[in-house]
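As the structure is a computational prediction, the values presented were derived from the model and not from experiment. The chain is numbered in sequence order, starting from 1. Computed from heavy atoms alone, side chains included, the values below leave out hydrogens, waters and symmetry copies.
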Amino acid sequence: MVKHNNQIPISHFKKHWQDYVKTWFNQPARKQRRRVARQKKAVKIFPRPTAGPLRPIVHGQTRKYNMKLRAGRGFSLEELKAAGIPKKLAPTIGIAVDHRRKNRSLEGLQTNAQRLKTYKAKLVVFPRRPRKLKAGDSSPEELANATQVTGAYLPIVREQPTVELVKVTEEMKSVKAFQKLRLERTNARHQGARLKRAAEAEKEEKK
């Protein structure tokens, strides 16, 4: 309620607020449209995996994210060579290649080379012509049992560190950690003076 002899506040009620309200009524239809598009794409690219080509495991950039693992753009030429896959064959069998990427660590190179070998072992290669098999194509039995992979394949899983639980013994309880730290700190502080004193004493003995 307005009190005292003040100016009457101006009410701003003629702003056509309905024109600025964002609605989301097309969400269910859009969801269905995306689903149908995914199904059509899966039929079109059959028997290839729906998730696209195989990607390498890489670490995030900068110190903030370098402990996290994610999918990279493509496998480096060194990784393909370590796995025994020709660089021109790789894109034709569903492997992403990035010729600019360089391997900075041996661990990363070995991880991605092993990833390629695992993929190659599970791979089923369909012939271009059904009646004319070439070297590298899968056998008719494997082709008959092959199914399209939906969703993520060879997912990137970060290993969780394991914690070993031990029973607290009397010997552990008897250790006075704070006193030990103070003693070691004192020893480190006086080390130079003690060495100097010992050297001087040795010099005096030689005289």
Side-chain angles (χ1 to χ4, degrees), residues 48-125 135-136 138 149-207:
R48 298 176 188 86
T50 57
L54 183 73
R55 307 270 179 194
I57 298 172
V58 298
H59 287 266
Q61 297 294 304
T62 71
R63 283 189 296 176
K64 186 176 181 182
Y65 299 109
N66 64 6
M67 81 294 295
K68 291 193 175 182
L69 299 175
R70 64 173 182 84
R73 181 185 177 87
F75 289 91
S76 68
L77 301 179
E78 289 178 17
E79 289 163 356
L80 292 169
K81 192 175 181 181
I85 300 169
K87 62 182 178 182
K88 288 189 177 178
L89 174 70
T92 64
I93 57 173
I95 298 171
V97 180
D98 184 9
H99 67 275
R100 291 178 293 267
R101 210 175 119 245
K102 292 182 174 65
N103 289 98
R104 305 292 181 191
S105 68
L106 182 65
E107 187 184 355
L109 173 67
Q110 290 172 346
T111 302
N112 283 321
Q114 185 58 45
R115 185 173 170 82
L116 284 168
K117 286 174 185 174
T118 307
Y119 175 78
K120 197 177 174 184
K122 295 181 178 182
L123 185 66
V124 176
V125 180
S138 299
V149 178
T150 55
Y153 58 98
L154 295 179
I156 298 169
V157 181
R158 192 180 179 200
E159 292 182 11
Q160 296 294 332
T162 55
V163 179
E164 190 180 345
L165 299 174
V166 294
K167 231 176 186 179
V168 180
T169 59
E170 290 298 324
E171 186 182 348
M172 290 178 184
K173 289 180 182 177
S174 63
V175 173
K176 295 187 166 89
F178 183 73
Q179 287 183 9
K180 175 76 173 168
L181 283 170
R182 297 298 293 182
L183 180 65
E184 292 300 327
R185 188 181 174 189
T186 306
N187 289 340
R189 197 167 71 244
H190 294 304
Q191 186 181 10
R194 286 171 181 170
L195 288 171
K196 187 180 178 184
R197 203 179 305 140
E200 286 174 358
E202 193 177 346
K203 202 174 181 182
E204 288 293 326
E205 284 177 9
K206 283 181 180 178
K207 283 182 182 180

Quick check: do E170 and K173 have side-chain heavy atoms less than 4.5 Å from each other?
yes
Got a second to check how far E200's CD is from E205's CD, nearest 0.5 Å?
12.5 Å
In a table with atom names and distances, give each donor-acceptor pair under 3.5 Å that connects a side chain of residues 79-103 to protein atoms at least two apart or in another chain.
unit_1, atom_1, unit_2, atom_2, d
E79, OE1, S76, N, 3.1
E79, OE1, R101, NH1, 3.2
E79, OE2, R101, NH2, 2.8
E79, OE2, N103, ND2, 2.7
E79, OE2, N112, ND2, 3.0
T92, OG1, L89, O, 2.4
D98, OD1, R100, N, 3.3
R101, NH1, G74, O, 2.9
N103, OD1, S76, OG, 2.6

Pair F75-R115, side-chain contact (heavy atoms from CB on, under 4.5 Å): steps then yes or no
CA-CA 10 Å; F75 289 91; R115 185 173 170 82; 4.2 Å; yes
Drop me the distance from L181's CG to T186's OG1, to the nearest 0.5 angstrom.
10.5 Å
Quick one: pull up NZ in K180 and CD in E184 and give me the separation to the nearest 0.5 Å.
4.5 Å
Mind listing the side-chain donor-acceptor pairs of residues 48-55 below 3.5 Å, one per line with the distance, residues two or more places apart or on another chain?
unit_1, atom_1, unit_2, atom_2, d
R48, NH1, I45, O, 3.4
T50, OG1, V149, O, 3.4
T50, OG1, G151, N, 3.3
R55, NH1, R73, O, 2.5

Run the side-chain hydrogen bond (donor to acceptor under 3.5 Å, both in side chains) test against N66 and tell me which residues pass, sequence neighbours left out.
none
Check this for me: R158, atom CZ, are more than 12 non-hydrogen atoms of other residues, nucleotides or ligands nearer than 6.0 Å?
no
Spacing of CZ belonging to R104 relative to NE2 belonging to H59, to within rounding of 0.5 Å
14.0 Å
Calculate, to the nearest 0.5 Å, the distance between atoms OG1 and CD belonging to T118 and Q114 respectively.
4.5 Å
For the CG atom of L106 and the CD atom of E78, what is their distance to the nearest 0.5 Å?
10.5 Å
